[in-house]
Enquirer: 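This is the structure I have questions about; it appears just below.
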Amino acid sequence: MLDNGVVGILAETSNKWERRAPLTPSHCSRLLLAGRQKSGVARILVQPSTKRIFNDAQYEEAGCEITSDLSECGLILGIKKPKLEMILPDRAYAFFSHTHKAQPENMALLDKVKWKILAQRVSLFDYELVEGNQGKRRLIAFGKFAGRAAIIDLLKGLGQRYLNLGYSTPFLTLGAAYMYPSLAAAKAAIISVGEEIATEGLPSGICPLVFVFTGSGHASIAAQELFKLLPHTFVDPSRLPELFEKAGDSSQSTCSSSTKRVFQVYGCVVTSENMVEPKDSSRAFDKNDYYEHPEQYNPIFHEKIAPYASAIINCIYWEKQFPRLLSTQQLRDLAQKGCPLVGISDLTCDMEGSIEILNQTTTIDSPFFRYDPKNDSYHHDMEGDGIICSVVDNLPTEFPKEASQHFGGLLSQFIGSLASVADIAKLPGNLRRACIAHGGALTSLYEYIPTMRNSG
């Protein structure tokens with residue numbers, strides 16, 4: 001069954017906003033027209049959906065079969081996890097399972113899959129784990145669209161938050177990312193905001209307005225690309241204190257700070273060398289050494305970067321053995337000292353992870369909660385003290401059409417192998433390493449999951 005060349009596409013059921021597809025009608029058409037000998041695909045069965053960004057008629061025109069029954073499929077594709085009761089025996093599934101970190105909120109899926117593979121030999125492939133042979137770059141990802149949606153939604157949220165703090169800003173005119181029919185339309189809206197900043201300025205009371213981007217991956221780079229549509233200057237992390245000193249001197253020399261306007265925003269990109277330092281002060285930072293021995297490093301982000309940040313766009317990969325970017329106590333101490341931090345957009349969605357206060361995800365239609373560090377309390381409004389936090393775990397679906405086109409183009413390269421090979425030992429290395437479960441057990445690379453889970 002695993003190698004029969006019949007591919008299924010799930011109707012997404014994880015939440016109402018999930019409109020993406022792993023393959024678009026165009027991708028399906030190319031695979032089918034190429035024929036099984038060339039593409040590895042003989043048929044594609046698509047579960048009907050009235051909310052998928054591509055309608056059923058488009059898939060039918062591409063040569064797919066529309067049916068709720070995927071029992072003929074050896075390979076079944078989705079974006080998010082299917083309903084647990086819908087998992088079929090003796091099939092290969094590919095979707096974002098988010099199980100390899102043993103996060104408690106995702107273990108119900110692994111329990112179900114584990115039972116199935118022990119009893120009925122289900123295989124599980126996770127797109128997130130398909131990486132290049134050199135380094136850690138993911139080969140099948142939505143990362144750029146997550147970064148794009150994140151910065152748009154953050155700018156919109158900052159407009160609302162600053163209004164509650166008594167400041168009117170051009171950010172108020174922005175809509176959420178999903179409100180724009182295309183990425184181009186969203187960019188045009190940001191450019192319009194940027195033109196207003198350049199001509200009318202921002203209130204000096206919220207400036208310098210500093211956006212801190214963590215990491216150098218696709219999501220961070222994509223967020224920066226849209227940020228650059230605003231009038232901006234990027235500042236080296238080491239020069240943040242100087243930026244604030246100059247701003248302080250300028251405000252003191254102005255007769256009325258309420259009339260002073262600032263005509264740009266500031267960006268700052270930080271990587272691991274700006275987040276930690278060796279405990280041994282005689283040693284220089286070494287990235288490889290840090291990854292191998294994180295316990296020999298102390299966190300410094302809360303001292304060197306966070307005191308100057310107005311907004312943080314967090315895109316770093318994090319695991320428990322590494323120091324946190326910001327602990328709850330560090331954030332509470334910063335608030336007590338008058339830190340200008342107003343908003344956090346976290347793309348990692350690691351609960352109580354690199355930013356400890358983030359203990360819940362948010363949704364596209366309610367993207368923020370407010371954390372009050374003075375009282376260590378959580379609120380679902382924009383009023384009162386604290387920091388607004390966005391932790392949306394399906395940001396790319398705000399651009400469902402373009403995100404699906406991008407993702408499907410990447411995934412198409414691997415469909416032939418997944419659909420026509422039953423023995424994972426014969427798969428290319430990057431696919432073999434992405435298989436969490438196969439043949440009645442967790443694969444060797446992921447046998448650590450139960451131990452990690454129990455130690456959590």
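Since the model is a prediction, treat every value here as computed from it, not as a measurement.
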Enquirer: Tell me, please, which residues at least two apart from Phe145 pass ring pair (Phe, Tyr, Trp, His ring centres under 6.0 Å).
Expert: His406

Enquirer: Any sub-3.5 Å donor-acceptor pair from Arg324's side-chain atoms to Glu352's backbone N or O?
Expert: yes

Enquirer: Distance check, rounded to the nearest 0.5 Å: Thr397 atom OG1 versus Tyr178 atom OH?
Expert: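 Those atoms lie 12.5 Å apart.
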
Enquirer: Checking side-chain contact (heavy atoms from CB on, under 4.5 Å) between Ile387 and each of Val342, Leu331, Leu334, which is the one that passes?
Expert: Leu331

Enquirer: Tell me whether Gln58 contacts the main-chain N or O of Phe54 through its side chain, where contact means a donor paired with an acceptor under 3.5 Å.
Expert: no

Enquirer: For the pair Arg137 (side chain) and Glu131 (backbone), establish whether a donor and an acceptor sit closer than 3.5 Å, ignoring hydrogens and angles.
Expert: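 Such a contact is absent between Arg137 side chain and Glu131 backbone.
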
Enquirer: Less than 4.5 Å apart, side chain to side chain, heavy atoms only: is that true for Tyr266 and Leu243?
Expert: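 Yes. Closest side-chain heavy atoms under 4.5 Å.
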
Enquirer: On the 0 to 90° scale, with breaks at 30° and 60°, tag the Tyr127-Phe407 ring pair as parallel, tilted or perpendicular.
Expert: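 Perpendicular.
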
Enquirer: Do side-chain atoms of Arg52 reach the backbone of Gln47 as a donor and acceptor pair under 3.5 angstrom?
Expert: yes

Enquirer: Can you spot which of Phe211, Phe227, Phe263, Phe213 makes a ring pair (Phe, Tyr, Trp, His ring centres under 6.0 Å) with His232?
Expert: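 Checked Phe211, Phe227, Phe263, Phe213 against His232; only one passes ring pair (Phe, Tyr, Trp, His ring centres under 6.0 Å): Phe227.
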
Enquirer: Would you kindly say whether Glu292 and Asn288 are connected by a side-chain donor-acceptor distance under 3.5 Å?
Expert: no

Enquirer: Checking Ser220 side chain against Ser216 main chain: does a donor-acceptor pair fall under 3.5 Å?
Expert: no

Enquirer: Name the orientation class of the two ring planes belonging to Phe322 and Tyr290 (parallel below 30°, tilted from 30 to 60°, perpendicular beyond 60°).
Expert: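 If you compare the ring of Phe322 with that of Tyr290, the planes turn out perpendicular.
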
Enquirer: Within a 6.0 Å radius of atom NZ on Lys80, are there more than 12 heavy atoms belonging to other residues, nucleotides or ligands?
Expert: yes

Enquirer: Any chance the side chains of Ser327 and Glu356 put a donor and an acceptor closer than 3.5 Å?
Expert: no

Enquirer: Under a 3.5 Å threshold, yes or no: a donor from one side chain and an acceptor from the other, between Tyr162 and Gln160?
Expert: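 Short answer, no.
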
Enquirer: Would you say Lys374 has more than 12 foreign heavy atoms packed within less than 6.0 Å of its NZ?
Expert: no

Enquirer: Would you call Lys16 and Asp365 a salt bridge, using N to O less than 4.0 angstrom?
Expert: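 Yes, charged N to carboxylate O under 4.0 Å.
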
Enquirer: Between atom CD of Glu402 and atom CZ of Arg148, what is the distance when rounded to the nearest 0.5 Å?
Expert: 8.0 Å

Enquirer: Which label fits Phe142 and Phe96: parallel for a plane angle under 30°, tilted from 30 to 60°, or perpendicular past 60°?
Expert: tilted

